[in-house]
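A single structure is presented below for examination.
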Amino acid sequence: MMFSHLEPYAGDPILSLNEAFQKDPRADKVNLSIGIYFDDAGRIPVLDCVRRAEASMLAESAPKSYLPIEGSAAMRTAVQHLLFGAGHEAVTGGRVATLQTVGSSGGLKVGADFIKRWLPQNEVWVSDPTWDNHRAMFEGAGIAVHTYPYYDATTGGLKFDAMLDTLRQLPARSVVLLHACCHNPTGVDLAPEQWRALIPVLRERELLPFLDLAYQGYGDGFAEDADAVRALAASGLTFFIANSFSKSMSVYGERAGALSVVCADAAEAELVLGQLKATVRRNYSSPPIHAAGIVGRVLTDPALRAAWETDVSAMRERIKGMRRSLHAVLQAKRPGRDFGYFLSQRGMFSYTGLKAVQVDRLRDEFGVYLVRSGRICVAGLNTGNVERTAVAMAAVLGA
């Protein structure tokens, strides 16, 4: 019995909840657990720009050889332009080392392995709370993970002063994981002026930021959601950024992402790129060609790019509309409570303020599924279920 000593895998809490939802026979059930964008009909959209990009790929009938370890050159350049702007000094000066990765999760994993290999004493601080897989990935790489204050449960906002106070006390070169926009799971973001206040602290303490940008375009727009990235690059700081196209192009299973490292100069960026490639080679060897083709074409073809930006704008506005609808019903049903945080939080997710026992009641009595932390995926709401969901939430809040 070679493996009889293994511990059972409890399963991912979000994916397991999604499986339970699929088995629920109720016709009016509502899935607000998994981080996927659904349209108003409750379907995962296939964007027209993606259809057209794939059609052009099929028409070329090109050989499907391995990509280089670092991925598609066209995609990597396009990613840099999307994140920083084509004319940003960090890009034109060659200070950015970029890899195509297997989703932004792959970028986080490659970055974690790189840090463990080349900065072995560095430990990681993540927001309290953060996406569960952040901790798992860094701990899986053998790195100690700690938390800094972030979410204020009393206001549904940010504990910014406490966050800065903690970061000011961290050991030099500590890694600080930050959400560039649309924080997962809370939807609470730093305002531009707070990023400007944070950057001097990062510099003074010689901290190493690691940004996660999985939802670019879902907050205020592509350039606006990259504001923190561009401000950090302009400050001269060295930092990592993992980004994803799963949500913005609705290509979840293609695993289309990237990892970029902004360095002091082009020579350092070349060294970093080499060791990132070595990290990939001993992991998954090279990234998927189909993902690179989709992203590269959409980002570089003017017509496809314009169609994509229009689609993402519509997706973003639909989510904001669902926030307004949810807020309106809740405020009417529970007038003594302030639900304004649903309007100020951004992106696909919000913290509802529901306790675990209330979340359980939502699921069992009303067929409304969300994770036990109280996180809601706003993109799972639509005009057909938002009022019913809000009424159910108001009912359990009154218990």
Side-chain angles (χ1 to χ4, degrees), residues 30-33 35-40 127 129-131 149-161 163 179-195 213-228 247-248 312-355 358-359 362 368-371 373-398:
V30 182
N31 189 0
L32 306 178
S33 61
I36 291 178
Y37 177 87
F38 297 94
D39 64 18
D40 199 56
S127 63
T130 194
W131 181 45
Y150 192 83
Y151 177 69
D152 188 340
T154 61
T155 65
L158 180 68
K159 292 182 176 178
F160 186 61
D161 290 341
M163 173 183 173
H179 299 238
C181 75
C182 304
H183 185 274
N184 181 6
T186 68
V188 176
D189 286 347
L190 275 70
E193 60 271 19
Q194 290 173 321
W195 279 105
L213 181 53
Y215 306 97
Q216 188 177 2
Y218 275 65
D220 293 312
F222 289 108
E224 295 86 346
D225 292 350
D227 178 72
K247 276 74 177 177
S248 65
V312 175
S313 177
M315 294 155 77
R316 178 175 67 248
E317 292 307 313
R318 196 189 82 75
I319 291 174
K320 289 181 178 179
M322 289 301 100
R323 287 184 176 279
R324 291 191 293 269
S325 296
L326 183 67
H327 172 265
V329 177
L330 282 169
Q331 206 65 68
K333 294 292 183 181
R334 288 283 175 264
R337 177 166 177 163
D338 182 8
F339 294 98
Y341 51 87
F342 282 118
L343 302 178
S344 60
Q345 293 170 3
R346 302 162 71 245
M348 288 180 62
F349 302 110
S350 276
Y351 254 27
T352 60
L354 293 170
K355 299 178 174 61
Q358 295 169 323
V359 170
L362 266 183
V368 178
Y369 284 71
L370 52 150
V371 293
S373 65
R375 187 196 81 168
I376 184 175
C377 180
V378 185
L381 294 171
N382 57 55
T383 52
N385 67 25
V386 64
E387 183 170 0
R388 177 179 174 276
T389 298
V391 169
M393 289 174 62
V396 302
L397 281 168

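Position 1 is the first residue of the sequence; numbering continues from there. Computation of the quantities below employed the complete heavy-atom set of this structure, encompassing side-chain atoms and omitting hydrogens, waters and symmetry-equivalent molecules.
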Margin query: Is the shortest side-chain heavy-atom distance between Tyr369 and Leu32 below 4.5 Å?
Written below: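 Heavy-atom side-chain distance check fails, nothing below 4.5 Å.
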Check: Which residue pairs satisfy the ring-ring contact (aromatic ring centres under 6.0 Å, His included) criterion with at least one member in residues 326-349, sequence neighbours excluded?
Finding: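 Every ring-ring contact (aromatic ring centres under 6.0 Å, His included) pair that includes a residue of residues 326-349, provided the two are not neighbours, is Tyr215-Phe349.
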Margin query: For the backbone of Ala226 and the side chain of Gln216, can you confirm whether one donor and one acceptor N or O come within less than 3.5 Å of each other?
Written below: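 Side chain of Gln216 to backbone of Ala226, a donor-acceptor pair under 3.5 Å: no, none is there.
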Margin query: Could you walk me through whether His179 and Thr130 satisfy the side chain to side chain donor-acceptor pair (under 3.5 Å) test, starting with their C-alpha distance in whole Å, then the side-chain angles of each, then the deciding distance to 0.1 Å, before giving a yes or no?
Written below: CA-CA 9 Å; His179 299 238; Thr130 194; 2.9 Å; yes
Item checked: Any residue meeting ring-ring contact (aromatic ring centres under 6.0 Å, His included) with Phe160, in chain and number order, not counting sequence neighbours ->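 Checked Phe160 against ring-ring contact (aromatic ring centres under 6.0 Å, His included); zero matches.
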Check: Which heavy atom in Ser127 sits nearest to a heavy atom in His183, and how many Å separate them?
Finding: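 Scanning both residues completely, I find the closest heavy atoms to be OG-NE2, 3.0 Å.
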Note to self: Please find the pair of heavy atoms, one from Ala180 and one from Leu213, that lie closest to each other, and give the distance.
What the structure shows: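 Shortest heavy-atom contact: CB-CD1, 3.9 Å.
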Note to self: Please enumerate all residues that pass ring-ring contact (aromatic ring centres under 6.0 Å, His included) together with Phe38, with sequence neighbours excluded.
What the structure shows: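 ring-ring contact (aromatic ring centres under 6.0 Å, His included) check on Phe38 returns nothing, list empty.
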Check: If you take all heavy atoms of Arg318 and Tyr37, which pair is closest and at what distance?
Finding: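 The pair with the smallest heavy-atom distance is NE-OH, 2.9 Å.
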Notebook entry, point to check: Mind checking whether Tyr218 and Met315 have side chains closer than 4.5 Å, heavy atoms only?
Noted result: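 They are in contact (side-chain heavy atoms under 4.5 Å apart), so the answer is yes.
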Margin query: Which residues pass the side chain to side chain contact (heavy atoms under 4.5 Å, CB included) test with Ala153, not counting sequence neighbours?
Written below: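 Side chain to side chain contact (heavy atoms under 4.5 Å, CB included) list for Ala153, sorted by chain: Tyr151.
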Next item on the list: Write down the atom of Pro192, the atom of Asp227, and the distance for their closest heavy-atom approach.
Entry: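 It is CB-OD2, 4.1 Å.
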Check: Quick check: does any side chain N or O of Asn385 sit under 3.5 Å from a backbone N or O of Asn382, one acting as donor and the other as acceptor?
Finding: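 Yes, because the side chain of Asn385 sits within donor-acceptor range (under 3.5 Å) of the backbone of Asn382.
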Check: Would Leu370 and Leu354 count as a side chain to side chain contact (heavy atoms under 4.5 Å, CB included) if you check the C-alpha gap in whole Å, the side-chain angles of each, and the deciding distance to 0.1 Å?
Finding: CA-CA 10 Å; Leu370 52 150; Leu354 293 170; 4.1 Å; yes
Next item on the list: Sequence neighbours left out, what passes side-chain hydrogen bond (donor to acceptor under 3.5 Å, both in side chains) with Thr383? Give chain and number order.
Entry: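 By the side-chain hydrogen bond (donor to acceptor under 3.5 Å, both in side chains) rule, Thr383 matches Asp40.
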Next item on the list: Locate the shortest heavy-atom distance separating Ala394 from Leu330; write the atom from each residue and the value.
Entry: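 Shortest heavy-atom contact: N-CD2, 3.8 Å.
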Next item on the list: Can you run down the salt bridge (Lys or Arg N to Asp or Glu O under 4.0 Å) pairs that involve residues 339-350, sequence neighbours left out, and say none if there aren't any?
Entry: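 Sorted result for residues 339-350: Asp189-Arg346, Asp220-Arg346, Asp225-Arg346.
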Next item on the list: Output the distance between atom CD (Gln358) and atom CG (Leu397), rounded to the nearest 0.5 Å.
Entry: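 Going from the CD atom of Gln358 to the CG atom of Leu397 covers 5.5 Å.
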Notebook entry, point to check: Considering residues, nucleotides and ligands other than Glu387, do more than 12 of their heavy atoms fall under 6.0 Å from its CD?
Noted result: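 Counting neighbours around CD of Glu387, 12 or fewer heavy atoms of other residues, nucleotides or ligands fall under 6.0 Å, so no.
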Note to self: Donor-acceptor check, side chain of Ser350 to backbone of Thr352, threshold 3.5 angstrom: yes or no?
What the structure shows: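 No, Ser350 side chain to Thr352 backbone: no donor-acceptor pair under 3.5 Å.
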Next item on the list: For Pro185 and Pro129, work out which heavy atoms get closest and say how close.
Entry: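 Nearest pair, atom of Pro185 first, then Pro129: CG-CG, 3.9 Å.
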Note to self: Looking at Lys320, I want to see if its NZ is surrounded by more than 12 non-hydrogen atoms of other residues, nucleotides or ligands under 6.0 Å.
What the structure shows: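 Enclosed.
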Next item on the list: Could you tell me whether a side-chain N or O of Tyr351 sits under 3.5 Å from a main-chain N or O of Ser373, the two making a donor and an acceptor?
Entry: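 Pair absent, no side-chain N/O of Tyr351 close to backbone of Ser373.
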Check: Sequence neighbours excluded, which residues qualify as side-chain hydrogen bond (donor to acceptor under 3.5 Å, both in side chains) partners of Arg388?
Finding: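 Once residues adjacent in sequence are excluded, the partners of Arg388 under the side-chain hydrogen bond (donor to acceptor under 3.5 Å, both in side chains) criterion are Asp28.
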Notebook entry, point to check: Atom NZ in Lys333, atom CE in Met393: separation rounded to 0.5 Å?
Noted result: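 Separation between the atoms: 14.0 Å.
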Next item on the list: Among Val359, Thr186, Asn184, find the residue that satisfies the side-chain contact (heavy atoms from CB on, under 4.5 Å) test when tested with Arg375.
Entry: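 With Arg375 as partner, side-chain contact (heavy atoms from CB on, under 4.5 Å) holds for just one option, Asn184.
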Check: Can any side-chain N or O of Arg316 pair as donor or acceptor with the backbone N or O of Gly217 at less than 3.5 Å?
Finding: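 A pair under 3.5 Å: yes.
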Next item on the list: Give, for atom CD of Glu224 and atom SG of Cys181, the distance between the pair rounded to the nearest 0.5 Å.
Entry: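 The distance works out to 10.5 Å.
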Next item on the list: Output all residues satisfying salt bridge (Lys or Arg N to Asp or Glu O under 4.0 Å) with Glu193, sequence neighbours left out; order by chain, then residue number.
Entry: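 If we apply the salt bridge (Lys or Arg N to Asp or Glu O under 4.0 Å) test to Glu193, skipping adjacent residues, there are no hits.
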Note to self: Among residues at least two apart in sequence or on other chains, which ones pass side-chain hydrogen bond (donor to acceptor under 3.5 Å, both in side chains) with Asn31?
What the structure shows: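 Once residues adjacent in sequence are excluded, the partners of Asn31 under the side-chain hydrogen bond (donor to acceptor under 3.5 Å, both in side chains) criterion are Asn18, Ser33.
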Next item on the list: Using the test side-chain hydrogen bond (donor to acceptor under 3.5 Å, both in side chains), find all partners of Thr389 that sit at least two apart in sequence or belong to another chain.
Entry: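 With sequence neighbours excluded, Thr389 shows a side-chain hydrogen bond (donor to acceptor under 3.5 Å, both in side chains) to no residue whatsoever.
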Check: Looking at CD1 of Ile376 and CG of Leu381, how far apart are the two atoms once the value is rounded to the nearest 0.5 Å?
Finding: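 So the gap between those two atoms works out to 5.0 Å.
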Item checked: Backbone N/O of Ala191 and side chain of Gln194: donor-acceptor pair under 3.5 Å ->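 Such a contact is found between Gln194 side chain and Ala191 backbone.
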Note to self: With a 3.5 Å distance limit and no angle check, can you tell me whether Arg323 reaches the backbone of Gly347 through a side-chain donor-acceptor pair?
What the structure shows: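 Judged by distance alone, yes, a pair lies under 3.5 Å.
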